[in-house]
Amino acid sequence: MQKEKQVIVDGLTFVPYLTRDEIATQVDRVAEEIARDYEGKAPIFLCVLTGAFVFASDLIRAIGINDAKISFIRYKSYEGTSSTGSVKQIIGLTDDIEGKDVIIIEDIVDTGLTACRMIEDLKKQNPASVKFATLLYKPVSSQTGFVPDYFAFSIPPKFIIGYGLDLDGKARNIPDIYVIKED
Ligand code: IMP
Ligand code: MG
């Protein structure tokens with residue numbers, strides 16, 4: 001399928017950045033790493049809504065650990081194309097994670113504030129371990145020094161949409177990833 005040359009969302013123009021094939025190759029690589037590290041274990045995946053639902057869906061099916069479970073949490077920190085600097089928990093965890101191996105699945109790590117807040121919240125429930133898998137990681141934007149355990153792509157600090165990532169809730173359903181166009 002031919003991907004669009006550019007897309008316009010809320011008056012902003014975005015250009016192609018990562019194709020669905022490039023994404024699939026790297027998601028499979030991360031899945032292999034996780035499958036190797038968790039062989040013989042029964043981890044619980046925590047998908048961070050809303051953005052990570054597309055990545056989590058592809059990742060967990062590629063990992064192939066039959067004893068794994070999946071659950072969902074929701075945090076919000078972004079408005080428009082930038083971080084508000086404050087992280088809000090919108091949906092909390094309903095499952096018991098005490099003594100469990102937890103793998104957080106996130107769409108993107110930007111300032112690292114959301115990641116640090118989630119890990120702090122989860123550790124209060126005494127899991128056996130907490131690891132962090134993200135599709136995208138913007139190391140230059142980090143305000144926290146947080147480094148994810150697994151990431152599919154390390155990218156420059158530019159605003160992107162597609163494959164679950166949104167602009168104010170829009171564009172999550174675009175199958176490829178697009179980056180904001182700079183004039
Ligand atoms: P952080 O707390 O600054 O690391 O931001 C993490 C959250 O901000 C992610 O879960 C996304 O929801 C959102 N976010 C960060 N960068 C982008 C982007 O380029 N596009 C869309 N959402 C983003
Ligand atoms: Mg998010």
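In listed order, ligands and their atoms are each counted from 1.
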> Pick from Leu113, Asp121, Thr114: which one makes a side chain to side chain contact (heavy atoms under 4.5 Å, CB included) with Arg117?
Replying inline: Asp121
>> One residue to check: Lys158. Relative to ligand 1, which of side chain, backbone, both or neither has a non-hydrogen atom less than 4.0 Å away?
In response: backbone
> Closest approach of Ile34 and Ala133, non-hydrogen atoms and distance?
Replying inline: CD1-CB, 4.1 Å
> Just going by heavy-atom distances, which of Leu165, Asp110, Ile180 is nearest to atom 4 (O) of ligand 1?
Replying inline: Asp110
> So which bit of Val48 gets within less than 4.0 Å of ligand 1, heavy atoms only: side chain, backbone, both or neither?
Replying inline: neither
>> Which of the numbered atoms in ligand 1 are under 4.0 angstrom from any heavy atom belonging to Thr114?
In response: 1 (P), 2 (O), 5 (O), 6 (C)
>> Less than 6.0 angstrom separating the ring centers of Tyr178 and Phe14, yes or no?
In response: no
> Which atoms of ligand 1 are found less than 4.0 Å from any heavy atom of Thr111?
Replying inline: 1 (P), 2 (O), 3 (O), 4 (O)
> Is it true that a side-chain atom of Asp95 and a backbone atom of Ile97 form a donor plus acceptor pair closer than 3.5 Å?
Replying inline: no
> So, Asp149 side chain and Phe132 main chain: donor-acceptor pair closer than 3.5 Å or not?
Replying inline: yes
>> Using 0.5 Å steps for rounding, measure from the OH atom of Tyr163 to the OH atom of Tyr17.
In response: 16.0 Å
> With a 4.0 Å cut-off on heavy atoms, is Lys138 touching ligand 1?
Replying inline: yes
> Considering only heavy atoms of Asp166, which atoms of ligand 1 have at least one such atom less than 4.0 Å away?
Replying inline: 21 (C)
> Which of the atoms of ligand 1 are close to Ile160, meaning less than 4.0 Å from one of its heavy atoms?
Replying inline: 18 (C), 19 (O), 20 (N), 21 (C)
> Does Gly112 come within less than 4.0 angstrom of ligand 1, counting non-hydrogen atoms of the residue?
Replying inline: yes
> Roughly how far, to the nearest 0.5 Å, is CG of Asp176 from CZ of Arg20?
Replying inline: 4.0 Å
> Any N or O on Val87 sitting closer than 3.5 Å to an N or O of ligand 1?
Replying inline: no
